[in-house]
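So the structure is just underneath, and the comments pick up after that.
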Amino acid sequence: DARVTQTPRHKVTEMGQEVTMRCQPILGHNTVFWYRQTMMQGLELLAYFRNRAPLDDSGMPKDRFSAEMPDATLATLKIQPSEPRDSAVYFCASGGDSDFSEAFFGQGTRLTVV
Amino acid sequence: KNQVEQSPQSLIILEGKNCTLQCNYTVSPFSNLRWYKQDTGRGPVSLTIMTFSENTKSNGRYTATLDADTKQSSLHITASQLSDSASYICVVSSPEYGNKLVFGAGTILRVKS
C-alpha cells in the first residue's frame with residue numbers, strides 16, 4: 001500500500017558529523033514537507049517543496065540545514081555540522097497540491113546527536 | 001505565542017467511555033482545520049479535515065466539530081478503545097501562513113482497561 005518511506009529510522013551520531021535523512025514520497029504526490037518534532041516544541045515545519053521546487057524553508061536553520069529534492073521520488077534533509085540540540089524526530093510528509101489535500105506522514109527518523 | 005491551543009494536555013479515561021478534546025485557534029483567516037492521531041513512535045495520521053463552512057465531520061467513532069465564529073473545535077471520541085491511546089493534534093491551515101499547517105501541542109490520551 002502507498003506510504004511515505006523514511007530512512008534511516010534511527011540515527012545516533014557524534015556532534016560535528018554530517019547527517020543525511022531520506023524520504024520517498026507517495027508516488028504522484030507533488031508536495032513534500034519536512035517537520036521536526038521535539039517534546040518541547042511539538043511539530044515544526046522546516047521546509048516544503050511543490051513539484052520539487054522549494055516553496056518555504058523559513059523554518060530551517062540555513063547555516064547547517066539543507067533540503068533538496070534531486071528527483072520526484074527522493075527528498076533529502078542534511079545537517080552539517082550536527083549539534084546536540086538537533087536531536088529530535090524528523091518527519092517527512094507528502095500530499096497533493098490542493099490546500100485541502102491530506103498530508104501523509106512517514107514513520108520519522110529519530111536523530112540523537114551526542 | 002502558539003496560534004493553536006489544545007486542552008487538556010493529557011487525559012486518562014476508562015475503556016468504553018467517551019471523551020472530548022478541545023482546540024482553540026487564533027489564526028485568521030482560516031482555510032481548514034484538521035485533527036491528527038499520532039501513536040507513540042509513529043507519524044501523525046489524519047482523522048478529519050474541515051473547512052470553515054463545515055460544522056461537524058465524523059470518521060467512525062471520531063467526530064470533530066468546528067465553530068469558526070468562536071474559533072473553537074472539538075474532537076469527540078465515542079466508546080473509547082485501548083487503541084485510541086495516542087496523541088491527538090489539532091492543526092490549522094491559514095493563507096496568512098501560506099497555507100502551511102500550524103500544529104497544536106497535542107492532547108495525550110490514555111485509555112485504560
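Just so we're on the same page: letters track the sequence lines, and every chain starts at 1. Keep in mind the model is a prediction, meaning the values are calculated, not measured. Just so it is clear, the values below take in all heavy atoms, side chains as well, and ignore hydrogens, waters and symmetry mates.
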Which atoms of Leu45(A) approach chain B - backbone, side chain, both or neither, heavy atom under 4.5 Å: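 When you check distances to chain B, only side chain atoms of Leu45(A) fall under 4.5 Å.
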With a 4.5 angstrom heavy-atom cut-off, which part of Ser58(A) approaches chain B: side chain, backbone, both or neither?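 For Ser58(A), the side chain is the part near chain B, not the backbone.
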In terms of heavy-atom pairs under 4.5 Å, which option from Gln37(A), Arg9(A), Glu44(A) contacts chain B the most?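 Most heavy-atom pairs under 4.5 Å with chain B: Gln37(A).
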For chain B, which of Gly42(A), Ala103(A), Gly108(A) has the most heavy-atom pairs under 4.5 Å?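 Counting heavy-atom pairs under 4.5 Å, the top option is Ala103(A).
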Answer yes when Arg52(A) and Asp71(A) have at least one side-chain N-carboxylate O distance shorter than 4.0 Å, and no when they do not.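 Salt bridge absent between Arg52(A) and Asp71(A).
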Can a salt bridge be assigned to the pair Glu83(A) and Arg64(A) using a cut-off of 4.0 Å between side-chain N and carboxylate O?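 Yes, Glu83(A) and Arg64(A) are salt-bridged.
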Mind checking whether Phe33(A) and Phe91(A) have ring centres under 6.0 Å apart?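 Aromatic pair excluded; centres sit 6.0 Å or further apart.
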Taking the ring of His29(A) and the ring of Phe104(A), is the distance between their centroids below 6.0 Å?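 Phe104(A) vs His29(A): aromatic centres under 6.0 Å.
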